[in-house]
Enquirer: 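First the structure, which I've put down as C-alpha cells, then a few questions once you've had a look.
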Amino acid sequence: GQYTVSTRKNVRILLVGDAGVGKTSLILSLVSEEYPEEVPPRAEEITIPANVTPEQVPTSIVDFSSVEQTEETLGLEINKAHVVCIVYAVDDDDSLDRITSHWLPFIRSKCNASLEGDAETEPETEAAGERLRKPIVLVGNKVDLIDYSTMDSVLAIMEDFPEIESCVECSAKTLHNISEMFYYAQKAVLHPTSPLYMMEDQE
Ligand code: GTP
Ligand code: MG
C-alpha cells in the first residue's frame with residue numbers, strides 16, 4: 001500500500017552490553033544533551049514524549065546494570081522490550097566478541113523461553129518450530145577514542161544474525177550519533193526490515 005501503518009502506540013528500548021561500555025552514559029547524554037562525567041550504575045527508566053521523538057511515538061529507554069540487577073530481571077526486561085540495543089565499546093575487542101559469544105545467543109534464549117509456554121499446549125503445530133526474535137541494534141560507543149572503524153566486524157556479525165536491524169558507531173562523550181542511535185532503535189520497531197518470525201531451520 002501507499003502508507004506504512006504501524007499500530008504500535010509506544011516503543012520500549014532496552015540497552016544491554018558488558019560493564020563499562022557506556023550504556024548509562026549514552027542514556028544520560030541523550031537526555032541532557034551533554035556528557036555526564038559521573039554516572040550512576042543504572043539510569044532511571046525514562047519516557048520521551050511523542051512530540052519530541054522522530055517517529056512521534058512515546059519512547060521508554062531502559063538501562064541494565066549487572067551490579068544492580070539479576071539475570072532473571074534481565075530476562076524479564078528483554079521480553080518487555082520491543083528492541084534491544086547491544087552496546088559495545090569500539091576500543092574494547094572483548095566487548096565486541098561478547099556480542100556473538102554471549103549477548104545475541106542469550107537474547108535468543110530468553111525469547112525462546114517465553115514461547116515455550118505456548119508450545120506446551122500444541123507441541124506438534126508448525127508454530128513450534130518458529131521462534132520469535134527481538135529486533136536488535138548494535139551500538140559501538142566511544143568512537144572518540146579510536147581513529148579506525150569496527151564496521152567490518154559488525155557487518156560480518158549481521159550476516160549471521162538476521163534479527164540485527166541496524167548498527168551505529170557513536171560517542172556519549174562527543175554526542176556523535178547519539179540521537180541517531182535512538183532513532184534507529186525506534187525505526188527497528190516501527191519499520192522492521194527483516195521478518196521477526198523465522199523458521200528455526202532456516203539458514
Ligand atoms: P555498567 O553500568 O557497569 O554496566 O557500565 P555502563 O555500560 O553503564 O558504562 P558507563 O556509562 O558507566 O561508562 C563507563 C565508563 O566509560 C565511564 O568512565 C564513562 O565516563 C566512560 N564512557 C562512556 N561513554 C564514553 C564515550 O563515549 N567516550 C569515552 N571516552 N568514554 C566514555
Ligand atoms: Mg551503567
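Read the numbers this way: they start at 1 and go in the same order the structure lists the ligands and their atoms. The chain is numbered in sequence order, starting from 1.
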Enquirer: Quick one: nearest non-hydrogen protein atom to atom 9 (O) of ligand 1, plus distance?
Expert: Gly22 N, 3.0 Å

Enquirer: Less than 4.5 Å apart, side chain to side chain, heavy atoms only: is that true for Val62 and Arg42?
Expert: yes

Enquirer: Please report which non-hydrogen protein atom sits nearest to atom 8 (O) of ligand 1, along with the residue it belongs to and the distance in Å to one decimal place.
Expert: Thr24 OG1, 2.8 Å

Enquirer: How far is atom 14 (C) of ligand 1 from the closest protein heavy atom, and which atom is that?
Expert: Gly20 O, 3.5 Å

Enquirer: Under 2.8 Å from the Mg ion (ligand 2) - does any N, O or S atom of Lys23 fall there?
Expert: no

Enquirer: I'd like to know if Gly17 contacts ligand 1, where contact means a heavy-atom distance under 4.0 Å to any ligand atom.
Expert: no

Enquirer: What part of Asp144, side chain from CB on, backbone N/CA/C/O, both or neither, has a heavy atom under 4.0 Å from ligand 1?
Expert: side chain

Enquirer: Answer side chain, backbone, both or neither: which part of Asn141 comes under 4.0 Å from ligand 1, heavy atoms only.
Expert: side chain

Enquirer: Which ligand 1 atoms, with their elements, are less than 4.0 angstrom from a heavy-atom of Ser171?
Expert: 27 (O)

Enquirer: Touching ligand 1 at all, Pro41? Heavy atoms, strictly under 4.0 Å?
Expert: yes

Enquirer: Below 3.5 Å, N or O to N or O, backbone or side chain included: is there any such pair between Ser65 and ligand 1?
Expert: no

Enquirer: Show the atoms of ligand 1 that are less than 4.0 angstrom away from any heavy atom in Val21.
Expert: 7 (O), 9 (O)

Enquirer: Could you find the nearest protein heavy atom to atom 27 (O) of ligand 1 and give me its residue, atom name and distance?
Expert: Ala172 N, 2.9 Å

Enquirer: Tell me, which protein residue and heavy-atom name are nearest atom 19 (C) of ligand 1, and how many Å apart are they?
Expert: Tyr35 OH, 3.5 Å

Enquirer: What distance do Trp103 atom CH2 and Ile78 atom CD1 have between them, rounded to the nearest 0.5 Å?
Expert: 7.0 Å

Enquirer: Identify the closest protein heavy atom to atom 12 (O) of ligand 1: which residue and atom is it, and at what distance?
Expert: Val39 CG2, 3.3 Å

Enquirer: Among all the protein's non-hydrogen atoms, which is closest to atom 23 (C) of ligand 1, and how far away is it?
Expert: Ser25 OG, 3.3 Å

Enquirer: Counting backbone and side-chain atoms alike, does Thr24 have an N/O/S atom under 2.8 Å from the Mg ion (ligand 2)?
Expert: yes

Enquirer: Please examine the side chains of Val31 and Ile48, heavy atoms only from C-beta on, and report whether any two atoms are closer than 4.5 Å.
Expert: no

Enquirer: Would you give the length of the straight line joining atom CD1 of Ile27 to atom CE of Met181, rounded to the nearest 0.5 angstrom?
Expert: 7.5 Å

Enquirer: To check your reading of the model: name the closest protein heavy atom to atom 16 (O) of ligand 1, its residue, and the distance in Å.
Expert: Lys142 NZ, 3.0 Å

